[in-house]
Amino acid sequence: MTVTLADVAARAQVSPATVSRVLNGNYPVAASTRERVLRAVDELDYVLNGPASALAAATSDLVGILVNDIADPFFGIMASAIQAEIGGPGGRAGGERLAVVCNTGGSPERELTYLTLLQRQRAAAVVLTGGAVENAPHVAAVSAKLRKLAEAGTRVVLCGRPPAPDTGAIALTFENRGGGRELTEHLIGLGHRRLGYIAGPEERTTTRHRLEGHRAALKAHDIEEDPRWTVHGRYDRRSGYEATLELLRRDPTLTAVVAANDSVALGACAALRESGLRIPEDVSVAGFDDLPFSIDAVPSLTTVRLPLSEAGARAGRIAMGREEEPPGGIATIRGELMVRGSTGAPRK
């Protein structure tokens, strides 16, 4: 059923004129009243300027790109590639489209807020990048927002993110489990049996999938995982540094450290060097993503290369309707193991 301005007014217990003033921002309204109106708008999923059904063929020239952290090269590379495909003619009357990068800072609440704002702006397309938060209420809330966007005529693409069933969103998902398994298989093949693992935030799908791949490799080779060998943290260098010191404190006999991503791996390398350990002679280090700095690290970083730019470009083309959707609306993008100088046989 279409939600009207009158419905919002009734929910907020104000007049329709007051709702209009709050949404247009052209007249002073008491803070408590404004908060009540905006809460009613969110609860009812009210779309500004008319019912969603009437807007299916009248989306704006705005394209939203959601990222966790634009300063992280993982997201910056994808966002840049997406935006490059959005530029140029294709908007209304043949004009340009405007790409807006929405930086959530990893906050589930900000993610929902941006989706709501993009819905109100009748975005032509929305691209969500990176892993999703594994929290049932949040998953349900995001799915509801994506369905609303799709129903309003917005094309929704997930890039590097697991599928969102029954939402109408197209998913280009990274094969993180397979990459995580291949990376650990490489280390086991070199002779390592005591491997520390620095995982990302526990609530993220990317974290779980990469860790599952690592554990699958250990199990396949009958290596019993010691609970002390896994530490969770953020996807940044500082986290890698602190987690590595903690791993060494828990078990100084570790011969390899597998990091959640390349930034974490750099922090791990710094902690090992400060602890008087050589890479890879004393401890091997491996990352994930193959970010631009990885090959310039000393020694260069063994990692799993994800085609971030290519995936972002494809997501942008699909979002603009310039490339066909993958069969079933889902495409799995596999990584490539890049063996470099940071891994070697364990010390005898």
Quiz item: Does Leu277 offer a backbone N or O that forms a donor-acceptor pair with the side chain of Ser275 under 3.5 Å?
Solution: no

Looking only at heavy atoms, the pair that brings Glu185 and Ala220 closest together is OE2-CB, 4.4 Å

In this structure, OG of Ser60 is separated from CG of Leu118 (nearest 0.5 Å) by 8.5 Å

| Under 4.0 Å between a Lys/Arg side-chain N and an Asp/Glu carboxylate O for Arg147 and Glu151? | no

**Prompt:** Please walk me through it: do Leu172 and Ile318 pass side-chain contact (heavy atoms from CB on, under 4.5 Å)?
**Reply:** CA-CA 10 Å; Leu172 307 180; Ile318 292 173; 4.1 Å; yes

Contacts of Arg194 meeting salt bridge (charged side-chain N to carboxylate O under 4.0 Å, His left out) (sequence neighbours excluded), chain-then-number -> Asp251

Ala268 and Val285 have their tightest heavy-atom pair at CB-CG1, 4.4 Å

When rounded to the nearest 0.5 Å, the distance separating CZ of Arg39 from CG of Leu44 is 12.0 Å

Discussion item. Within the 4.5 Å heavy-atom criterion, are Phe293 and Ser263 side-chain neighbours or not?
Written reply: yes

Value for CZ (Arg177) from OG1 (Thr206), rounded to nearest 0.5 Å, stands at 10.5 Å

Query raised in the report: Is the shortest side-chain N to carboxylate O distance from Arg155 to Glu325 below 4.0 Å?
Result: yes

query = Is Ile198 linked to Tyr241 within one hydrophobic cluster, defined over Ile, Leu, Val, Met, Phe, Trp and Tyr using a side-chain heavy-atom separation of less than 4.5 Å?
reply = no

- Side-chain heavy atoms of Asp69 within contact of Asn103, under 4.5 Å: yes

Quick check: is Leu149 connected to Val3 through a chain of hydrophobic side chains (ILVMFWY, heavy atoms under 4.5 Å apart)?
no

message: Under a 3.5 Å distance rule, please check whether Ser239 uses its side chain to pair with a backbone N or O of Tyr235 as donor and acceptor.
response: no

Heavy-atom nearest pair, Met78 first then Gly130, reads CE-N, 4.1 Å

* Counting only heavy atoms not in Arg234, do more than 12 fall under 6.0 Å of its CZ? -> yes

Is any side-chain heavy atom of Cys269 closer than 4.5 Å to one of Arg237?
no

Review point. Yes or no on side-chain contact (heavy atoms from CB on, under 4.5 Å) for Val63 and Val100, after CA distance, side-chain angles and deciding distance?
Key: CA-CA 6 Å; Val63 177; Val100 176; over 6 Å; no

In short, side-chain hydrogen bond (donor to acceptor under 3.5 Å, both in side chains) pairs touching residues 293-312 with sequence neighbours left out are Asp262-Ser294, Asp262-Thr303, Thr302-Thr343, Arg305-Glu310

Handout entry: Greater than 12 external heavy atoms within 6.0 Å of Arg347's CZ
Key = yes

inquiry  = Test of understanding: clusters of I, L, V, M, F, W, Y form through side-chain heavy atoms closer than 4.5 Å, transitively. Do Val258 and Met338 belong to the same one?
reply    = no

- Item | Residues Arg273 and Asp282 bridged, charged N to O under 4.0 Å | no

Under the 3.5 angstrom rule, does the side chain of Thr154 hit a backbone N or O of Ala124 as a donor-acceptor pair?
-> no

Please examine the side chains of Ser342 and Pro299, heavy atoms only from C-beta on, and report whether any two atoms are closer than 4.5 Å. yes

| Close side-chain approach of Leu306 and Asp290, heavy atoms under 4.5 Å | no

Does Arg161 use its side chain to pair, donor to acceptor, with the backbone of Ala132 at less than 3.5 Å? no

To the nearest 0.5 Å, atom CD of Glu35 lies from atom OG1 of Thr33 at 10.0 Å

*Ile295 vs Leu301 side-chain heavy atoms within contact, under 4.5 Å*: no

Nearest heavy-atom contact between Arg120 and Leu38 is NH2-O, 4.4 Å

Taking every heavy atom of Val37 against every heavy atom of Val8, the minimum-distance pair comes out as O-CG1, 4.1 Å

Keeping Asp289 on the side-chain end and Leu291 on the backbone end, is there a donor-acceptor pair under 3.5 Å?
no

Checklist entry - Does CD in Glu202 sit with more than 12 non-hydrogen atoms of other residues, nucleotides or ligands closer than 6.0 Å? => result no

- Task: Could you give me the CA-CA distance, side-chain angles and deciding distance for Asp7 and Arg11, then say whether side-chain contact (heavy atoms from CB on, under 4.5 Å) is met?
- Result: CA-CA 6 Å; Asp7 295 326; Arg11 173 68 68 93; over 6 Å; no

key: Any side-chain heavy-atom pair of Arg322 and Glu85 under 4.5 Å   = yes

| message | Please tell me whether Val41 and Val142 are part of a single hydrophobic cluster in this structure, the criterion being side-chain heavy atoms less than 4.5 Å apart. | response | no

Residues at least two apart in sequence or cross-chain that pass side chain to side chain contact (heavy atoms under 4.5 Å, CB included) with Arg204, listed by chain then number, are Asn68, Val133, Pro201, Thr207

d(Ile170 CD1, Glu324 CD) to nearest 0.5 Å is 11.5 Å

Under 4.0 Å between a Lys/Arg side-chain N and an Asp/Glu carboxylate O for Glu212 and Arg215? no

Hits for side chain to side chain contact (heavy atoms under 4.5 Å, CB included) against Ala99, two or more places apart or cross-chain, chain-then-number order -> Ile65, Gln83, Ile86

(Q) Within the structure provided, determine whether Leu128 and Leu115 are in side-chain contact (heavy-atom separation under 4.5 Å). (A) yes

Q: Using distance alone, with no hydrogens and no angle criterion, decide if His138 and Glu111 have a side-chain donor and acceptor under 3.5 Å apart.
A: yes

Heavy atoms of Ser284 and Gly344 approach each other most closely as OG-N, 2.9 Å

To the nearest 0.5 Å, atom CZ of Arg210 lies from atom OG1 of Thr184 at 12.0 Å

Side chains of Ser107 and Thr104: is there a donor and an acceptor less than 3.5 Å apart?
no

Verify same cluster id: Val101, Leu117 (apolar side-chain graph, 4.5 Å): no

- Please determine, by modelled atom types, if Thr230 and Glu225 share a side-chain donor-acceptor pair under 3.5 angstrom. yes

Has His192 got a side-chain atom pairing as donor or acceptor with Leu187's backbone, closer than 3.5 angstrom? no

Please lay out, stage by stage, how Leu308 and Phe174 fare under the test side-chain contact (heavy atoms from CB on, under 4.5 Å). CA-CA 9 Å; Leu308 301 175; Phe174 294 138; 3.8 Å; yes

Residue set satisfying side chain to side chain contact (heavy atoms under 4.5 Å, CB included) with Val139, at least two apart, ordered chain then number -> Ser143

Near Arg238 CZ, under 6.0 Å, is it more than 12 heavy atoms from other residues, nucleotides or ligands? no

inquiry  = Between Thr116 (side chain only) and Leu112 (backbone N and O only), is there a donor and an acceptor less than 3.5 Å apart?
reply    = yes

Tyr197 meets the ring-ring contact (aromatic ring centres under 6.0 Å, His included) criterion, sequence neighbours left out, with His214

